[in-house]
Amino acid sequence: MIKTAVVLFVLSLNAYGFADPLAQVSLILPFSKNNPPHYFASDEGELKGGIEPDILWNIFSGMKVEMVYYQLNRATVLFKSQQDYDCISPAPAQLRGKPGFYESKEIFSSYYNRAIVLASAQMPVTSLMSLQGKEIRAFPGASEYLGEEFAELVKKNKQHYRELSHLIFTIPMLFYKRFDVLIMDEQVFRYHASQLKYDFLQGENKVVFHHLLPVTHYTLMCKNKALIEMFDSRMKKLRESGELDAIIRSNINKQTH
């Protein structure tokens with residue numbers, strides 16, 4: 001993810017019950033302000049849409065939605081220690097199963113991370129461990145979210161592994177051959193590479209997307225069980241009605257405009 005996907009939500013409620021209308025939903029994005037097609041932001045940092053915001057605006061329709069930004073580590077600390085913050089995604093592993101923290105059954109977001117290499121490199125890629133000794137760049141938190149095998153690769157490849165957050169610089173570095181392998185969500189890469197006018201489907205900048213990593217699914221965690229039940233119920237309806245697929249397609253299609 002990027003940025004393998006990670007989003008922290010803070011839901012400011014008038015009350016925990018649903019008898020009274022919920023007036024405001026405040027969301028924290030702990031990893032990136034602009035991560036198309038998952039998030040689209042203006043030059044001023046104002047969130048304009050994206051897969052995850054569109055889902056939340058649908059689920060929490062009728063409420064004022066506010067989105068702010070924190071780094072992932074700080075976001076987790078704030079969620080645990082301050083009453084102002086009601087929900088977080090991805091669910092922090094250290095809080096799973098702890099009293100007072102409830103995790104959704106429904107998946108909120110999914111990221112399809114690939115090992116992306118230049119076709120001209122003619123690199124034999126057969127497994128994650130075949131990347132050992134290669135210069136690898138990934139999104140922040142990749143070593144924590146992409147499974148045990150990737151974490152083991154990072155451990156053995158420390159001198160050649162870096163996590164970078166600025167995609168506008170990271171993607172050109174692959175085409176300039178400053179490193180060998182880029183770990184990133186495929187749709188995020190396609191969007192940014194297209195915006196930067198790289199033809200990554202043919203010619204000297206053609207890339208190969210290696211499907212070596214598991215799909216990363218993120219859930220929502222809340223301090224209030226009723227709120228999680230609300231999220232699960234409405235998210236399930238979005239999925240079963242086909243509205244969720246429509247939201248995803250709409251945002252992916254924005255990449256070409």
Side-chain angles (χ1 to χ4, degrees), residues 1-8 27-57 67-72 108-121 123 125 135-142 145-146 162-213 215-216 218 244-257:
M1 185 189 47
I2 305 195
K3 290 147 325 52
T4 169
V6 239
V7 182
L8 164 66
L27 303 98
I28 299 178
L29 315 179
F31 66 96
S32 178
K33 293 182 180 180
N34 191 23
N35 188 29
H38 297 277
Y39 300 93
F40 289 92
S42 68
D43 293 340
E44 294 73 31
E46 180 184 357
L47 204 54
K48 295 295 186 180
I51 294 172
E52 281 85 344
D54 285 355
I55 289 171
L56 290 167
W57 284 327
M67 302 187 187
V68 293
Y69 173 85
Y70 282 116
Q71 292 288 347
L72 180 59
F108 171 64
S109 59
S110 299
Y111 284 74
Y112 298 83
N113 290 293
R114 313 297 189 209
I116 306 169
V117 302
L118 287 174
S120 60
M123 187 186 308
V125 180
E135 288 292 330
I136 302 173
R137 301 296 180 265
F139 60 87
Y145 289 105
L146 295 184
R162 299 287 185 276
E163 294 183 354
L164 305 173
S165 58
H166 299 291
L167 300 181
I168 198 70
F169 303 118
T170 304
I171 290 175
M173 287 170 64
L174 174 68
F175 295 114
Y176 294 154
K177 302 179 182 180
R178 302 291 176 82
F179 55 82
D180 303 307
V181 184
L182 178 58
I183 305 296
M184 184 179 290
D185 175 82
E186 183 172 339
Q187 293 296 346
V188 172
F189 175 88
R190 286 176 177 273
Y191 174 84
H192 284 286
S194 296
Q195 292 294 303
L196 292 167
K197 308 301 183 184
Y198 286 104
D199 184 355
F200 53 87
L201 298 178
Q202 59 186 353
E204 63 177 349
N205 290 323
K206 181 180 178 180
V207 302
V208 180
F209 297 99
H210 291 284
H211 296 221
L212 304 177
L213 296 153
V215 179
T216 308
Y218 297 111
L244 178 60
D245 286 338
I247 288 172
I248 293 172
R249 284 197 305 271
S250 172
N251 281 286
I252 288 175
N253 289 339
K254 289 179 184 177
Q255 297 180 75
T256 59
H257 300 313

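Not measured: the values here are computed from a predicted model.
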Under a 3.5 Å distance rule, please check whether [X] uses its side chain to pair with a backbone N or O of [Y] as donor and acceptor.
X	Y	result
Ser250	Ala246	no
Asp185	Tyr112	yes
Asp54	Gly49	no

Query raised in the report: How about Phe40 and Tyr191: are their ring centroids closer than 6.0 Å?
Result: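 Phe40 vs Tyr191: aromatic centres under 6.0 Å.
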
Query raised in the report: Are Tyr218 and Tyr145 an aromatic pair by the rule of ring centers under 6.0 Å?
Result: yes

Answer yes or no: is there a side-chain heavy-atom contact under 4.5 Å between [X] and [Y]?
X	Y	value
Asp199	Asn205	no
Val188	Pro37	yes
Phe169	Leu164	no
Glu52	Asn251	no

Query raised in the report: Quick one: which of Leu182, Val208, Val207, Leu174 gives a side-chain contact (heavy atoms from CB on, under 4.5 Å) with Val117?
Result: Val208

Heavy-atom closest contact ([X] atom, [Y] atom, distance):
X	Y	result
Ile183	Val181	CD1-CG1, 4.0 Å
Leu118	Glu204	CD2-O, 4.5 Å
Pro53	His38	CD-O, 3.2 Å
His192	Pro36	NE2-CD, 3.5 Å

Roughly how far, to the nearest 0.5 Å, is [atom2] of [Y] from [atom1] of [X]?
X	Y	atom1	atom2	answer
Arg178	Thr170	CZ	OG1	12.0 Å
Ile136	Asp180	CD1	CG	8.0 Å
Arg249	Ile51	CZ	CD1	11.5 Å
Asn113	Leu212	CG	CG	11.5 Å
Arg190	Arg114	CZ	CZ	9.0 Å

**Report entry** Results of salt bridge (Lys or Arg N to Asp or Glu O under 4.0 Å) for Glu135 - residues two or more places apart only
**Finding:**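 For Glu135, the residues satisfying salt bridge (Lys or Arg N to Asp or Glu O under 4.0 Å) (neighbours in sequence not counted) are Arg137.
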
